[in-house]
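First up is the structure itself, then whatever we jot down about it.
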Number of protein chains: 2
Amino acid sequence: MTIKEVCKKYDITQDTLRYYERVGVIPEVSRTKGGIRDYTEQDIKWVENAVCMRSAGVPVEMLIEYVKLFQEGDSTITARRDLLMDARAEVQKNLDKYQATMDRLNYKISRYEEAVKTGVLTWDAENIKKD
Amino acid sequence: MTIKEVCKKYDITQDTLRYYERVGVIPEVSRTKGGIRDYTEQDIKWVENAVCMRSAGVPVEMLIEYVKLFQEGDSTITARRDLLMDARAEVQKNLDKYQATMDRLNYKISRYEEAVKTGVLTWDAENIKKD
DNA sequence: ATATACCTTGGAGTTAACTCCAAGTCAATA
DNA sequence: TATTGACTTGGAGTTAACTCCAAGGTATAT
């Protein structure tokens with residue numbers, strides 16, 4: 001698979017994909033004789049993983065560390081597990097924050113829907129913040 | 001309430017709080033005769049809102065726009081509602097991504113837990129990716 | 001074979017959101 | 001009242017994660 005196809009598949013730019021490879025967010029990708037990237041299934045799995053992790057804010061630094069450990073072989077299995085658990089804790093923390101923000105936005109929007117109908121913006125006694 | 005107290009309450013730095021005020025993420029904060037910030041309940045509500053929204057990745061630019069509209073008065077109520085709905089859609093999209101990443105991490109970690117016990121890292125037929 | 005489009009690399013530039021700094025002012029305490 | 005610590009401003013610097021660029025190689029269509 002060419003870089004163009006992979007980029008389209010995951011909706012990222014070629015620059016981003018080359019950058020990921022350059023810094024080690026994904027292992028080195030296989031090439032044609034001419035030196036042009038030709039992604040294997042394996043390569044694509046790594047890309048998919050990177051895109052997913054990045055979309056949840058897992059730092060590039062952490063993905064690099066994971067790939068490095070992976071390439072060192074089975075002796076790093078516990079280290080990799082620990083890294084994944086750290087990442088998970090971080091993602092969960094953010095998930096909770098995002099949920100809290102959704103709750104706040106839903107409340108505010110419900111007040112605004114009301115205001116658009118009645119022409120008056122009101123808040124519960126608890127929330128005398130008027131914003 | 002002093003800037004120090006507000007920062008402690010929301011676990012942010014004074015620089016960040018002054019920056020928020022400077023660029024308009026929150027409205028101008030009230031001052032003592034000496035010109036020192038003295039946050040009112042209202043001011044603090046704005047800070048709380050900003051911190052919450054930022055923690056879910058709502059861009060500074062969007063918060064600035066909201067404050068601007070708010071200060072223009074009731075004629076901007078529908079515009080503010082629309083802005084909030086845009087923000088909500090964005091937060092929801094990210095929430096979904098975070099959840100997808102949690103699922104992936106949970107699966108990987110379960111495989112690693114197994115590997116730590118048995119010494120062998122295995123994957124389902126579907127997931128022959130070995131990472 | 002030659003033009004066209006796409007690919008390569010290394011390195012420089014950009015963006016958002018802080019974060020730090022210098023020079024000076026304010027306030028609480030000995 | 002003098003000193004100490006916290007506060008003020010405007011502006012410069014930093015960081016993470018891309019994003020762009022130039023010079024050149026590769027591959028496909030005429």
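What you are looking at is a predicted structure, and each value in this text was computed from that prediction instead of being measured.
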With a 4.0 Å cut-off on heavy atoms, is B:Arg54 in touch with a base, just the backbone sugar-phosphate, or nothing at all? sugar-phosphate
If you take atom types as modelled and just measure distance, does the side chain of A:Arg22 reach the base of C:dG11 with a donor-acceptor pair under 3.5 Å? yes
Presence of donor-acceptor pair under 3.5 Å, side chain of B:Asp15 and base of C:dC18: no
Taking the nucleotide of DNA chain C with the nearest heavy atom to each, does B:Gly34 or B:Thr13 sit closer to the 5' end? B:Thr13
Does [X] make a side-chain N or O approach to OP1 or OP2 of [N] shorter than 4.0 Å?
X	N	answer
B:Arg37	D:dT9	yes
A:Gln14	C:dC7	yes
A:Lys4	C:dC7	no
A:Tyr19	D:dC20	no
A:Thr2	C:dC6	no
B:Thr16	C:dA17	no

Round to a whole Å and report the spacing from [atom1] of [X] to [atom2] of [N].
X	N	atom1	atom2	value
A:Tyr20	C:dT9	OH	C1'	20 Å
A:Leu17	D:dC18	CG	P	11 Å
B:Glu21	D:dT8	CD	P	8 Å
A:Arg18	C:dG10	CZ	C1'	12 Å
A:Glu61	D:dC18	CD	P	13 Å
B:Ile36	C:dA28	CD1	C1'	11 Å
B:Ile12	C:dC20	CD1	C1'	17 Å
A:Lys33	D:dT26	NZ	C1'	12 Å

Side chain proximity check, A:Asp74 to B:Leu121, heavy atoms < 4.5 angstrom: no
Is there a side-chain contact between A:Arg37 and A:Glu21 in this structure, where contact means two heavy atoms from C-beta onward sitting under 4.5 Å apart? yes
Are B:Arg18 and B:Asp15 within salt-bridge range, i.e. N to O under 4.0 Å? yes
Pair B:Phe70 and B:Trp46, ring centroids less than 6.0 Å apart: yes
Give the ring-plane orientation class for B:Tyr107 versus B:Trp123, where under 30° counts as parallel, over 60° as perpendicular and anything between as tilted. tilted
